[in-house]
Amino acid sequence: TARKPCEATDRRFKRFWPTMSPGCPSNFPIRTCSTTSKYAIRTGVSESYQNVIINAIKFYYEQVEDQPRQVYALPRPKPPKQNPKVLSKDEVKALIHHTENAKHRAMLMLAYGLGLRLNEVLALTPADIDAKRMALYVRSGKGKKDRDLPLTESLLLLLREQYRQFRPETYLFEGQTPGEQYSERSLQQVVKQAAERAGIRRPVTLHMLRHSYATHLLEAGTDIRIIQDLLGHSSIKTTEIYTHVAQNKRPISPLTELGL
């Protein structure tokens, strides 16, 4: 039985076949897949997005057009292995200090204080806060996994303050329309503007606070498997990337012993 592609898959597929529709003939030449992949490379599409395009092509032929599974002779580009971008503790402090709005400050402090992803911050509801256990519940995070994270007293007080001030109806952080989530774009703008006020010259995103949380925990001597659990990583290999940026994991240069 042919399946209907999800909205994201359909959008990515049509990104490179703008004239295609569900009624396209099933014998559409497979060689066009290779042509499309090359076009994506020429137009500067990232390696990870190229893989998404290839998966969308496979989905269309095998699930929508109900064709038999086959091997597509398409190159699978490998994304570059980049280290996570991390802020220093002083930069994090300055970023939060230059965020006066209680709602904005609470979102930034959750990202850094608990290592939350952007969508996890925005999906929080008042019911996810357990003041008696001093815990915050992350429901259906990445990989559909739940996490229970420890709340600090200062963060709990700030969350209460912003709740009393803004009185959200559904989500802990809402935008101009009551009951609707605060938008991802608006939150990234909050971070960008706070970084400018703090005098941080390099680009800063909310996810850098999550990276900084993990790195600073590792530098403080926290066991990497505990960090894995706090971040919600399925594999320890994902967490191990922070060993590449943690300063206390690097040997002292022999240059220091030369007395120069």
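Small disclaimer: the values here were computed from a predicted structure and weren't measured. Position 1 is the first residue of the sequence, and the numbers go up from there.
Heavy atoms of other residues, nucleotides or ligands lying less than 6.0 angstrom from CZ of R225 number 12 at most. Within 6.0 Å of CG in L258 there are more than 12 heavy atoms belonging to other residues, nucleotides or ligands.
In terms of hydrophobic clustering, with Ile, Leu, Val, Met, Phe, Trp and Tyr side chains grouped at heavy-atom distances under 4.5 Å, Y137 and L158 are assigned to different clusters. Residues L87 and I96 share a hydrophobic cluster, clusters being chains of Ile/Leu/Val/Met/Phe/Trp/Tyr side chains in contact below 4.5 Å. Cluster membership for L151 and L209, using ILVMFWY side-chain heavy atoms within less than 4.5 angstrom, is shared.
Between Y112 and Y213, the angle of the ring planes goes over 60°, which puts this pair in the perpendicular group of the 30/60° scheme.
Nearest heavy-atom pair, A246 versus T215, reported as atom, atom and distance to 0.1 Å: CA-CG2, 3.9 Å. Annotation for D130 and R133: closest pair OD1-N, 3.1 Å, computed over non-hydrogen atoms. Shown here for K85 and H211, the closest heavy-atom pair between the two residues is O-CB, 3.5 Å. Residues Q228 and S235 share a closest heavy-atom pair of NE2-C, 3.6 Å. Nearest heavy-atom pair across Q188 and T205 is OE1-CA, 3.8 Å. K145 approaches S234 most closely through the heavy-atom pair NZ-OG, 2.7 Å.
Atom CD1 of residue I200 and atom CG of residue L95 lie 5.0 Å apart, to the nearest 0.5 angstrom. The CG atom of L172 sits 10.0 Å away from atom NZ of K103, with the distance rounded to the nearest 0.5 Å. Atom CG of L156 sits about 10.0 Å away from atom CG of L136, to the nearest 0.5 Å. The structure places CE of M107 at 10.5 Å from CG of L124, a figure rounded to the nearest 0.5 Å. Atom CG of L206 and atom CG of L187 lie 5.0 Å apart (nearest 0.5 Å). Distance CG/L217 to CG/L231: 8.0 Å, rounded to 0.5 Å.
Checked by atom type and distance alone, the side chain of D229 never pairs as donor or acceptor with a backbone atom of I226 at under 3.5 Å. E219 places a side-chain N or O within donor-acceptor distance of the main-chain N or O of Q247, the cut-off being under 3.5 Å. With H98 contributing its side chain and A94 its backbone, the two residues share a donor-acceptor pair below 3.5 Å.
Taking 4.5 Å as the limit, every side-chain heavy atom of V121 sits out of range of all side-chain heavy atoms of L118. The shortest side-chain heavy-atom distance between E100 and R105 does not fall under the 4.5 Å cut-off. P150 places a side-chain heavy atom less than 4.5 Å from the side chain of L230. Side-chain contact between L110 and L155 is present, with at least one heavy-atom pair separated by less than 4.5 Å.
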**OP:** Begin from the C-alpha positions of E153 and M134 and carry the test side chain to side chain contact (heavy atoms under 4.5 Å, CB included) through to its verdict.
**Re:** CA-CA 8 Å; E153 186 70 28; M134 291 299 290; 3.8 Å; yes

Subject >> CA sep, side-chain torsions, deciding dist, call: H233, I227, side chain to side chain contact (heavy atoms under 4.5 Å, CB included) >> reply: CA-CA 9 Å; H233 288 162; I227 299 174; over 6 Å; no

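Each ring-ring contact (aromatic ring centres under 6.0 Å, His included) pair with one or both residues in residues 154-174, not counting sequence neighbours, would appear here, but there are none.
For the pair R202 and E91, the salt-bridge criterion is met [side-chain N within less than 4.0 Å of a carboxylate O].
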